[in-house]
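Encoded as structure tokens, the structure appears first; notes follow it.
We count ligands from 1, going down the list as the structure has it; atoms in each ligand are counted the same way. These values consider heavy atoms only, across backbone and side chains, with no hydrogens, waters or symmetry-generated copies. Just so it is clear, the model here is predicted, and its values are computed rather than measured.
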Amino acid sequence: MALIEELREAVVDGQAKLAVAKVTEALEEGIEAGTLLREGLIQGMAQVGKLYEEGEIFVPEMLVAARAMTAALSVLKPHLVEEGVVSSGKVAIGTTQGDLHDIGKNLVAMMLQGAGFAVFNLGTGVTPQQFVAAVREHRPQLLGMSALLTTTVPKMKATLEALEAAGLRDQVKVMVGGAPVTQAFADEIGADGYGANAGGAVDTAKALLP
Ligand code: B1M
């Protein structure tokens, strides 16, 4: 338990090396990767967001915290992703136009991979036209869009419209997620599914692509 708290603190303080050391130590002690992810990394990052909202920290601190989380995640990744699982479907996923937040999206991508999906990670700042091009090129059964800013969430609807205009909407299921996104919003824009977190995204993907 102390180790998880120390991991959380390392993320909040933006200490990448310490976060990596704590994850490594905790794994050696037999703590599950999923527990370290949820109770260490994600809770640490939630605390960072709260401190930012309260004006206690600013963008540079938020950035170093994100780097610490990313470094620790890279150690956790092989433990989260089961190797050699047969692919159960193709997913293309990206963060919407104007948005460079990618920690949560990468986590979702990683968990989908772990669940056996072949994942095309389209990166950040993906325009509606780029999402359409990716659907044409990779022919995924599922398209995932992530957005963390209230200003970039509307790009999800724009992408659905672009898919419709390109005649591709009925060829791909669409799942949306990200902190400001809700099931009600997903329903409103006509997305096929919503994931509240990485685990939820995997459940939704499985339900959409049985
Ligand atoms: Co940004 N940022 N940020 N930021 N940042 C937020 C989002 C913010 C809420 C902070 C705050 O004010 N409290 C706020 C948005 C406010 C708003 O729009 N209402 C904000 C702001 C304002 C900004 C800037 C504008 C700041 C500035 O420059 N003035 C700027 C914007 C840059 C841009 O995108 N154009 C900015 C920049 C940054 C950093 C670069 C410093 C860094 C991002 C680094 C990176 O991603 N590589 C950063 C960070 C780290 C955050 C916070 C602190 C943490 C985000 C995060 O990684 N969370 C965030 C505050 C917060 O969220 N509490 C904040 C951890 C991650 C695991 O969770 O991303 O929610 P999350 O993903 C979850 C679920 O949402 C879900 O599953 C994931 C795993 O559980 N999910 C999906 C996500 N995508 C999904 C897709 C799915 C399904 C589920 O299906 C496809």
Next on the checklist: Using a cut-off of 2.8 Å, how many protein N, O or S atoms sit around atom 1 (Co) of ligand 1?
Outcome noted: 1
Checklist entry - Do any nitrogen or oxygen atoms of Thr151 lie less than 3.5 angstrom from nitrogen or oxygen atoms of ligand 1? => result no
Checklist entry - Can you find a heavy atom in the side chain of Leu163 that is under 4.5 Å from one in the side chain of Leu143? => result yes
Next on the checklist: As a check for students: among Pro180, Gly104, Ala191, Gly177, identify the option with a heavy atom nearest to atom 72 (O) of ligand 1.
Outcome noted: Gly104
Item to check | Proximity to ligand 1 by part of Thr124, non-hydrogen separation under 4.0 Å | outcome: neither
Checklist outcome for this item: residues 152-169 vs salt bridge (charged side-chain N to carboxylate O under 4.0 Å, His left out), sequence neighbours excluded, gives Lys157-Glu161, Arg169-Asp192
Checklist entry - So do Glu61 and Val48 actually touch side chain to side chain, heavy atoms under 4.5 Å? => result no
Item to check | Distance filter under 4.0 Å to Ala196 heavy atoms, resulting ligand 1 atoms | outcome: 74 (C), 76 (C)
Next on the checklist: I want to confirm something. Looking only at heavy atoms, which of Gly178, Ala46, Gly144 is nearest to atom 81 (N) of ligand 1?
Outcome noted: Gly178
Checklist entry - Near Glu32 CD, under 6.0 Å, is it more than 12 heavy atoms from other residues, nucleotides or ligands? => result no
Next on the checklist: So if I count the atoms of ligand 1 from 1 in the order they appear, which ones are less than 4.0 Å from some heavy atom of Gly98?
Outcome noted: 33 (C), 34 (O), 35 (N)
Checklist entry - Looking only at distance, does Leu100 have an N or O less than 3.5 Å from an N or O of ligand 1? => result yes
Checklist entry - What are the two closest non-hydrogen atoms of Val126 and Gly94, and how far apart are they? => result CG2-CA, 4.2 Å
Item to check | Numbered atoms and elements of ligand 1 in range of Met145, under 4.0 angstrom, heavy atoms | outcome: 86 (C), 91 (C)
Checklist entry - Would you say Ala66 has any N or O atom under 3.5 Å from an N or O of ligand 1, going by distance alone? => result no
Next on the checklist: Measuring only between side-chain heavy atoms, which start at C-beta, is Phe120 closer than 4.5 Å to Glu137?
Outcome noted: no
